[in-house]
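One structure below.
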2 protein chains.
Amino acid sequence: MKLSEAKQQFISNWGAFGTHWGINRTMAQIHALLLISPDPITQDDMMEELNISRGNVNMNIRELINWGLAERIILPGERKEFFSAEKDIWLVVKRIVKERKKRELDPMLQLLDKLEAVEGDKKDKHVKTFVETVGNIKKLGKQADKTLDTMIKAEENWFISNMLKIFK
Amino acid sequence: MKLSEAKQQFISNWGAFGTHWGINRTMAQIHALLLISPDPITQDDMMEELNISRGNVNMNIRELINWGLAERIILPGERKEFFSAEKDIWLVVKRIVKERKKRELDPMLQLLDKLEAVEGDKKDKHVKTFVETVGNIKKLGKQADKTLDTMIKAEENWFISNMLKIFK
DNA sequence: ACTATGTTTCAGTAAATATTGAAAATTCGG
DNA sequence: CCGAATTTTCAATATTTACTGAAACATAGT
């Protein structure tokens with residue numbers, strides 16, 4: 001396979017992959033493009049490679065920066081801005097996990113805390129099932145929360161060697 | 001908080017949560033409703049509780065069954081079909097992980113294998129960066145794959161005690 | 001402080017996704 | 001095997017989400 005074709009496939013699949021993970025297609029495609037670009041590139045480069053508008057590039061690159069997955073680079077003597085992505089995949093994963101935990105898991109756990117305190121007769125099976133369900137989800141959620149927290153702080157080697165230890 | 005209000009909040013938030021995870025809002029809401037229902041319920045119950053159409057209920061309940069998260073229950077002497085959800089949250093998580101791994105991670109790893117074999121001079125920095133990036137993603141992906149496989153087979157107690165061991 | 005170059009914003013539009021509702025299909029009891 | 005009850009399908013529609021393009025804004029060089 002030629003590089004140009006491989007690039008196309010990588011970008012397009014990374015985009016589709018992203019959509020399953022709450023990241024929009026274009027944002028994921030820009031990210032893919034940055035990942036495989038040896039040097040920083042401009043917004044115009046992205047427009048051309050991905051056939052998308054200037055506004056679209058601009059909005060999505062901003063979002064990538066918010067997520068900590070890309071950075072703006074000013075090259076001396078260059079008028080245009082350049083962009084590059086974090087290439088260390090482990091770091092990328094950690095940043096995504098951190099961001100999504102903050103946006104999704106943490107608020108959910110807060111809500112569950114509130115809901116568990118529902119008033120009513122615990123003998124009533126509707127109340128009982130509700131409280132049990134919420135409690136069980138919370139228990140697992142809390143565990144996931146701790147696990148992710150530690151993972152976010154972890155070194156890659158540390159992570160892999162520990163996982164191998166358990167999951168032989 | 002009253003049970004009715006708590007139910008509403010749980011359902012609505014579980015729905016919003018689902019949308020971040022590639023599950024559509026209604027499917028997640030039906031799932032939430034089933035989770036907190038002590039006894040199996042009918043499609044009509046769902047239509048009423050969630051204010052959605054018969055067709056919508058039907059399509060989404062089918063999808064839940066595909067995912068292994070709900071089951072159809074025939075009660076003797078009842079004309080209508082009833083439905084209930086798996087209440088063991090750990091099992092629910094494992095089923096979701098299994099399904100998404102099959103749908104997303106496995107195909108991605110297959111693709112990366114193909115892409116890593118791109119032809120071209122490895123001295124060319126474009127080729128070099130591409131191969132390295134793909135290789136790094138593959139490496140982490142393979143590790144995740146193994147980890148998830150083991151998790152899918154794991155007992156909850158086994159999982160939690162192991163996690164606690166590592167992530168004190 | 002003017003102008004050319006580059007960036008950002010956002011209202012309007014397009015595309016993708018989810019939902020409805022009614023017709024068709026299926027199932028069950030008699 | 002008939003008819004009522006129930007479930008399923010799917011074309012039409014509504015809703016949500018993403019994208020465009022042009023105008024407004026910013027910046028740097030002279």
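Labels below follow one simple rule: chain letters A, B, ... track the order of the sequence lines, proteins then strands, and each chain is numbered from 1.
- Near-neighbour residues of DNA chain D inside residues 54-64 of chain B, defined by a heavy atom below 4.0 Å, number-ordered: B/R54, B/G55, B/N58, B/M59, B/R62.
- Taking CD1 of B/I89 as the reference point, atom CG of A/L140 lies at 7.5 Å (rounded to 0.5 Å).
- As a whole-Å value, the separation of A/M47 CE from C/dT7 C1' is 12 Å.
- DNA chain D lies under 4.0 Å from at least one heavy atom of each of the following residues of residues 68-85 of chain A: A/R79.
- Rounding to whole angstrom units, CE of residue A/M46 and C1' of C/dG6 are separated by 14 Å.
- Going from atom CD of A/Q43 over to atom P of D/dT20 covers 14 Å, rounded to whole Å.
- With a 6.0 Å radius and a threshold of 12 heavy atoms from other residues, nucleotides or ligands, B/K122 has its NZ atom above the threshold.
- Taking CD of A/E81 as the start and CD of A/Q43 as the end, the distance is 6.5 Å to the nearest 0.5 Å.
- Atom CZ in B/R25 sits roughly 8 Å away from atom P in C/dT19 (whole-Å rounding).
- Classified by interplanar angle (parallel below 30°, tilted 30° to 60°, perpendicular above 60°), the ring pair B/W14/B/H31 is tilted.
- The distance between atom CD1 of A/I30 and atom P of D/dC19, rounded to the nearest whole Å, is 9 Å.
- C/dT17 atom C1' lies 13 Å from atom NE2 of A/H20, rounded to whole Å.
- The separation between A/D45 atom CG and C/dT7 atom P is 11 Å, rounded to whole Å.
- Here the nucleotide nearest the side chain of A/N24, chosen from D/dC19, C/dA18, C/dG21, is D/dC19.
- The nearest whole Å value for the distance from the CD1 atom in A/I41 to the P atom in C/dT7 is 13 Å.
- In terms of modelled atom types and a separation under 3.5 Å, the side chain of B/T19 and the main chain of B/A16 share a donor-acceptor contact.
- Note that B/R100 lies in the cation-pi zone of A/W21, set by a 6.0 Å cut-off to the ring centre and a 45° limit from the axis.
- Under the 3.5 Å distance criterion, with hydrogens and angles disregarded, a donor-acceptor pair is assigned to the side chains of A/T42 and A/D45.
- Judged by distance alone, with hydrogens and angles left aside, the side-chain atoms of A/E78 form no donor-acceptor pair with the main-chain N or O of A/K80 at under 3.5 Å.
- The side chain of A/T26 places no N or O atom within less than 4.0 Å of a non-bridging phosphate oxygen (OP1 or OP2) of D/dA18.
- Here the NZ atom belonging to A/K94 is positioned 8.5 Å from the CE atom belonging to A/M151, to the nearest 0.5 angstrom.
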